[in-house]
**Q** 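Quick one: the structure is below, and I'll ask about it shortly.
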Amino acid sequence: MAASVSRQAHEALLYLDAQREKVLPMHEHLKLMIDQLIKSGENAAAYFSSPEYAQQSELLWLQGSPLATFLCDVAMNRPGFRGGTFA
């Protein structure tokens, strides 16, 4: 009986070793992806707290504002007005 248990234990260890070899590359890949996600989050946080982001955000907001849109429409549709000169 002891030999049977020892043989079963050995087979179980071989099976687990084979499973470990299959899972290890996936584990390493997931660790790499997690590290990259963390780094991306840090980069995004740094950008969102930068003066450059504040400037770009304000510029986008101003470009999309109703007043800016209205003024562009007036400039583009004004009769007789073509690209800064009157035709």
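From a predicted model like this one, the values you see are computed outputs, not experimental measurements.
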**Q** Under the 3.5 angstrom rule, does the side chain of Ser65 hit a backbone N or O of Leu62 as a donor-acceptor pair?
**A** yes

**Q** Count the heavy atoms of every other residue, nucleotide or ligand shown that sit under 6.0 Å from CD of Gln63, and state whether that count exceeds 12.
**A** yes

**Q** Counting C-beta onward and ignoring hydrogens, is there a side-chain heavy-atom pair between Asp17 and Glu21 closer than 4.5 Å?
**A**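 No, side chains not in contact.
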
**Q** For Ser49 and Ala46, work out which heavy atoms get closest and say how close.
**A**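 Closest approach of Ser49 to Ala46, heavy atoms only: OG-O, 3.1 Å.
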
**Q** Say you draw a straight line from CD of Gln56 to OH of Tyr47; how long is it, rounded to the nearest 0.5 Å?
**A** 5.0 Å

**Q** Any idea which heavy atoms bring Thr69 and Gly64 closest together, and the distance?
**A** OG1-O, 4.1 Å

**Q** Atom NZ in Lys31, atom CG in Asp35: separation rounded to 0.5 Å?
**A**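 Between atom NZ of Lys31 and atom CG of Asp35 there are 8.0 Å.
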
**Q** Keeping Ser57 on the side-chain end and Tyr53 on the backbone end, is there a donor-acceptor pair under 3.5 Å?
**A**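 No: the side chain of Ser57 does not pair with the backbone of Tyr53.
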
**Q** If you draw a 6.0 Å radius around CD in Gln19, do more than 12 non-hydrogen atoms from other residues or ligands fall strictly inside?
**A** yes

**Q** Is there a path of hydrophobic side-chain contacts, each under 4.5 Å between heavy atoms of I, L, V, M, F, W or Y residues, that connects Leu30 with Val23?
**A**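 The answer is no; the residues belong to distinct hydrophobic clusters.
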
**Q** Nearest 0.5 angstrom please: Leu37 CG to Leu32 CG, how far?
**A**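 That separation rounds to 9.5 Å.
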
**Q** Set out, in order, the CA-CA distance, both residues' side-chain angles and the distance that settles side-chain contact (heavy atoms from CB on, under 4.5 Å) for Gln55 and Glu52, then state yes or no.
**A** CA-CA 5 Å; Gln55 182 182 10; Glu52 179 185 356; 5.5 Å; no

